[in-house]
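Below is one structure, written out as structure tokens, with a few remarks after it.
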Amino acid sequence: MKLKILAKTLFLASVSLFFVACGNDEAKSQSAFERIKKEGVLRVGTEGTYSPFSYHNEKDELVGYDVEVARAVGEKMGVKVEFVEAPWDAMLAAFDAGKSDVVFNQVTINEDRKKKYDYTLPYIKSRSAIVVHKDNDDIKDFSDLKGKSSAHSATSNWAKLAESYGANIVTTDGFSKAVELIITKRADATINDDVTFYDYLKQKPDAPIKIAKNGDEAILSAGLVKKGETDLVNAINEAIKELQNNGKIKEISIKYFGKDISQ
């Protein structure tokens, strides 16, 4: 009798394992888009500490330009959006591990990332900008930075760009501190993307600063998707197109920057 019970138990266990294995195979063969439509949830990776793109307001609500764009995309796709928050490196590691389906976090499109990931249509378009005091008429182009002082974080790529034009680097901590040096005329300029400038001016509209010159090449940011998830990219792109055409992304942009940075 005991042998019969044992045999029956082993048989049921093997059947259970068979169905688990089949379920795993089915999950593996299922595309991200198919799973999202089935579950009705789009998991979005974001930092949650990166104002004004993704951050928590005074009520501890997750808000920001990228956050609202992601929610609008999810609504167009007919799915709920769940955010997976983590610092940049951990956010990408979680994304690589399949914890999120797409990243909305002002991710710049570059050639290195293209080798590993796919991108959605861009929804942020910025340019490099030389920021100076509003009374400064000496700097009108990048070449005018030669011999001038430009305020930057020590390891910033913008500092390297300023140096390439012959500027003397004044080391400071971030854009806000750089602007303080410009306002008090302890530095002549700083370089950053113009989106950062517009955000600062939205917060402090009376700041005596201006953009002296924009770079010619556009800096594009988009959603990050796993390589080969074509159906998901297409679905997100269709949503972004609709949101651009109906003015929703422009509306979100003006809310956070006082200007349309989406196109």
Side-chain angles (χ1 to χ4, degrees), residues 47 50-54 64-66 69 88 103-114 119-183 185-205 207-224 249-250 252-254 256-263:
E47 287 186 85
Y50 183 29
S51 177
F53 302 99
S54 170
Y65 177 74
D66 285 65
V69 169
W88 175 261
V103 172
F104 279 89
N105 199 81
Q106 205 208 7
V107 182
T108 304
I109 297 174
N110 63 41
E111 293 306 314
D112 285 340
R113 290 194 187 115
K114 280 183 179 180
Y119 284 101
T120 68
L121 289 172
Y123 57 89
I124 299 176
K125 185 176 182 180
S126 62
R127 284 184 168 82
S128 59
I130 305 172
V131 178
V132 300
H133 195 285
K134 69 175 185 179
D135 296 334
N136 188 325
D137 294 320
D138 295 332
I139 300 174
K140 298 178 181 178
D141 208 332
F142 286 86
S143 58
D144 294 329
L145 290 170
K146 186 174 182 179
K148 300 293 195 300
S149 57
S150 192
H152 298 276
S153 301
T155 59
S156 166
N157 288 331
W158 298 117
K160 294 175 184 176
L161 179 61
E163 280 185 313
S164 73
Y165 285 100
N168 301 314
I169 303 303
V170 177
T171 303
T172 190
D173 184 20
F175 183 75
S176 295
K177 295 295 184 181
V179 169
E180 288 178 16
L181 293 177
I182 291 169
I183 291 173
K185 299 189 177 180
R186 288 177 288 166
D188 298 309
T190 187
I191 303 176
N192 213 300
D193 63 72
D194 58 0
V195 168
T196 302
F197 169 82
Y198 294 129
D199 172 50
Y200 186 91
L201 215 58
K202 181 79 163 41
Q203 308 304 320
K204 299 182 179 182
I209 55 174
K210 65 181 180 181
I211 291 178
K213 177 70 175 180
N214 278 110
D216 296 326
E217 188 174 344
I219 304 168
L220 302 176
S221 298
L224 206 62
I249 291 182
K250 179 179 179 180
I252 297 170
S253 180
I254 290 172
Y256 285 96
F257 300 97
K259 178 182 173 65
D260 185 9
I261 65 160
S262 66
Q263 297 185 63

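All values below were derived from every heavy atom in this structure, side-chain atoms included, with hydrogens, water molecules and symmetry-related copies excluded.
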(request) Give a yes or no on whether the backbone of Gly64 and the side-chain of Tyr256 come within a donor-acceptor separation of less than 3.5 Å. (result) yes
(request) Answer yes or no: is there a donor N or O on one side and an acceptor on the other, between the side chain of Asn214 and the main chain of Ser128, under 3.5 Å? (result) yes
(message) Would you compute the distance between atom CZ of Phe53 and atom CZ of Phe257 and round it to the nearest 0.5 angstrom?
(response) 4.0 Å
(request) Considering non-hydrogen atoms only, spot the tightest contact between Leu121 and Ala222 and give its length. (result) O-CB, 3.6 Å
(request) Look at the side chain of Asp66 and the backbone N and O of Asn105, then say whether any donor-acceptor pair between them is shorter than 3.5 Å. (result) yes
(request) Answer yes or no: is there an ion pair linking Lys114 with Glu111, defined by an N-O contact shorter than 4.0 Å? (result) yes
(request) Evaluate the side-chain proximity of Ile209 to Tyr200: yes if any heavy-atom separation is below 4.5 Å, no if none is. (result) yes
(request) Find out whether Trp88 and Val107 are in side-chain contact, i.e. whether some heavy atom of one side chain is under 4.5 Å from a heavy atom of the other. (result) yes
(request) May I ask you to say whether Asp137 pairs ionically with Lys210, meaning some side-chain N is under 4.0 Å from a carboxylate O? (result) yes
(request) Step by step, work out the side-chain contact (heavy atoms from CB on, under 4.5 Å) result for Lys259 and Asp194. (result) CA-CA 11 Å; Lys259 178 182 173 65; Asp194 58 0; 5.7 Å; no
(request) Measure the shortest side-chain to side-chain distance between Tyr65 and Ile249 over non-hydrogen atoms and say whether it is less than 4.5 angstrom. (result) yes
(message) For Ala151, is there any backbone N or O sitting under 3.5 Å from a side-chain donor or acceptor partner on Thr190?
(response) yes
(request) Could you tell me the separation between the CD1 atom of Ile183 and the NZ atom of Lys134, rounded to the nearest 0.5 Å? (result) 10.0 Å
(request) Output yes when a side-chain donor or acceptor of Ser253 lies under 3.5 Å from a complementary backbone atom of Ile261, and no otherwise. (result) yes
(message) Set out, in order, the CA-CA distance, both residues' side-chain angles and the distance that settles side-chain contact (heavy atoms from CB on, under 4.5 Å) for Asp199 and Phe175, then state yes or no.
(response) CA-CA 11 Å; Asp199 172 50; Phe175 183 75; over 6 Å; no
(request) Any chance you could measure His152, atom NE2, to Asn157, atom CG, to the nearest 0.5 Å? (result) 11.0 Å
(message) Working to the nearest 0.5 angstrom, can you tell me the gap between Leu145 CG and Ile130 CD1?
(response) 4.5 Å
(request) Determine whether more than 12 heavy atoms belonging to other residues, nucleotides or ligands lie under 6.0 Å from atom NZ of Lys177. (result) no
(request) Give a yes-or-no answer on whether the side chains of Asn168 and Ser149 include a donor-acceptor pair shorter than 3.5 Å. (result) no
(request) Considering non-hydrogen atoms only, spot the tightest contact between Ser221 and Gln106 and give its length. (result) OG-CG, 3.7 Å
(message) If I take atom CD1 from residue Ile169 and atom CH2 from residue Trp158, how far apart are they, to the nearest 0.5 angstrom?
(response) 13.0 Å
(message) Looking at every heavy atom in both Glu217 and Arg127, which two are closest together, and how far apart are they?
(response) O-CG, 3.8 Å
(message) Could you check whether any side-chain heavy atom of Tyr119 comes within less than 4.5 Å of a side-chain heavy atom of Leu220, counting everything from C-beta outward?
(response) no
(message) Quick one, Arg113 and Thr108 - any side-chain contact, counting heavy atoms below 4.5 Å?
(response) yes
(request) Please step through side-chain contact (heavy atoms from CB on, under 4.5 Å) for the pair Ser126 and Phe197, ending with a clear verdict. (result) CA-CA 10 Å; Ser126 62; Phe197 169 82; over 6 Å; no
(request) Test Val170 against Arg186 for side-chain contact (heavy atoms from CB on, under 4.5 Å), laying out the working first. (result) CA-CA 9 Å; Val170 177; Arg186 288 177 288 166; over 6 Å; no
(message) Working to the nearest 0.5 angstrom, can you tell me the gap between Glu163 CD and Lys146 NZ?
(response) 14.5 Å
